[in-house]
Amino acid sequence: MKSQGSQTPGLTHTTAMNVLPSALSSISLTAPFTQNTLRTIKDALSAHVSSLKGPAMGVDPKEIHAAVLVPFCNVDGVPGVLLEVRGKLRSHSGEVSFPGGRVDETDASFLDTALRETHEEVGVRSGQVDVLGQIGPPEQSLRGLRVWPYVGFIYPPGSPRLGLQHDLNPNTPLPSLPLSSLTISQPEVACAFHVPLAALASPARLKTDLFRGQKPYWAVEVSDLIQQGVEWAPNPDNHPEIGGGRDGRLEVWGLTGWYLSLLMTILRVYR
């Protein structure tokens, strides 16, 4: 999904984009997620939402809404984010996205939408997800949907959600998610893949882009992180946000890139 939106603290048209040294980031980019990591993320997201002023997080009932989950996870002990390459769909096919979709009448909340869609698209049940918070303001996609992004940590199937239990060493690595445990909903989803946090801070992967032609953010190249044989959509006529990426690359860009860049700014990976 893609969007247009208001100015956001931390990323404005006058802000120079930088990647902070890993020692200055709020979380480790290489050590597995732990209880302490989740607590740090949860606190940072809470402070971020509290800082948003005015109607930024208000719900307009006249709009059509959607929700996505930004799914953190450990894979083979490496911390990162789970992403999808969309399948052959009527819109935004072959693009990188978070699991998510349009709100159904049966959904009790936007968060329920994000969790339901995550289960439908990659087979991760709500019981596997520790919800850590949300980011905002929610932006409008190119299709006119107001997209609400939530952040969570995914546990492997059958593993209890350890959350912030006090009986666990807070620095013990949390369980890793086997990618083989995912159930991909094809043809809606071409594949799911893991992007290590260290890759999100690799200068070789990052290219400055402008969200809706106004707000700078980092687009991240991920062409080499997906399985062989997965195709992505070409960028038509150099459109700034449609297709898999620019110059034949597969990138995390557009609305997905904007939300991911915002989250990394909140966690002080970017500034």
Spacing of [X] atom [atom1] and [Y] atom [atom2] [to the nearest 0.5 Å]:
X      : Y      : atom1 : atom2 : answer
Leu83  : Leu225 : CG    : CG    : 9.5 Å
Thr34  : Asn171 : OG1   : CG    : 5.5 Å
Glu117 : Arg102 : CD    : CZ    : 11.0 Å
Asn169 : Asn36  : CG    : CG    : 8.0 Å
His48  : Leu263 : NE2   : CG    : 9.0 Å
His194 : Asp76  : NE2   : CG    : 8.5 Å

Under a 4.5 Å side-chain heavy-atom rule over Ile, Leu, Val, Met, Phe, Trp and Tyr, are [X] and [Y] clustered together?
X      : Y      : answer
Val230 : Trp232 : yes
Val78  : Leu182 : no
Met264 : Val195 : yes
Val59  : Tyr150 : yes

Original post:
Thr40 and Thr37: side-chain donor and acceptor closer than 3.5 Å?
Top reply: no
Taking [Y]'s backbone N and O only, do any of them form a donor-acceptor pair with [X]'s side chain (distance below 3.5 Å, no angle check)?
X      : Y      : value
Ser261 : Trp218 : yes
Glu95  : Gly243 : yes
Asp130 : Ile154 : no

**OP:** Using a cut-off of 6.0 Å, state whether more than 12 heavy atoms not belonging to Glu120 lie near its atom CD.
**Re:** yes
Original post:
Does atom CG of Asp43 have more than 12 heavy-atom neighbours, drawn from other residues, nucleotides or ligands, at distances under 6.0 Å?
Top reply: yes
Subject >> Pair listing, salt bridge (Lys or Arg N to Asp or Glu O under 4.0 Å) test, anchored in residues 218-229, at least two apart >> reply: Arg205-Asp224
Original post:
Which of these, Ile41, Leu174, Leu177, Val129, sits in a side-chain contact (heavy atoms from CB on, under 4.5 Å) with Phe153?
Top reply: Leu174
**OP:** Taking only Lys NZ, Arg NE, NH1 and NH2, and the carboxylate oxygens of Asp or Glu, determine whether Arg116 and Asp107 approach each other closer than 4.0 Å.
**Re:** yes
Subject >> Centroid-centroid distance, Tyr259 to Phe98, less than 6.0 Å >> reply: no
**OP:** Hey, can you tell me if Trp148 and His65 have their rings parallel, tilted or perpendicular (30° and 60° cut-offs)?
**Re:** tilted
Subject >> Contacts of type side chain to side chain donor-acceptor pair (under 3.5 Å), residue Asn74, not counting sequence neighbours >> reply: none
Subject >> Remaining members of hydrophobic cluster (4.5 Å side-chain criterion), Leu24 >> reply: Leu20
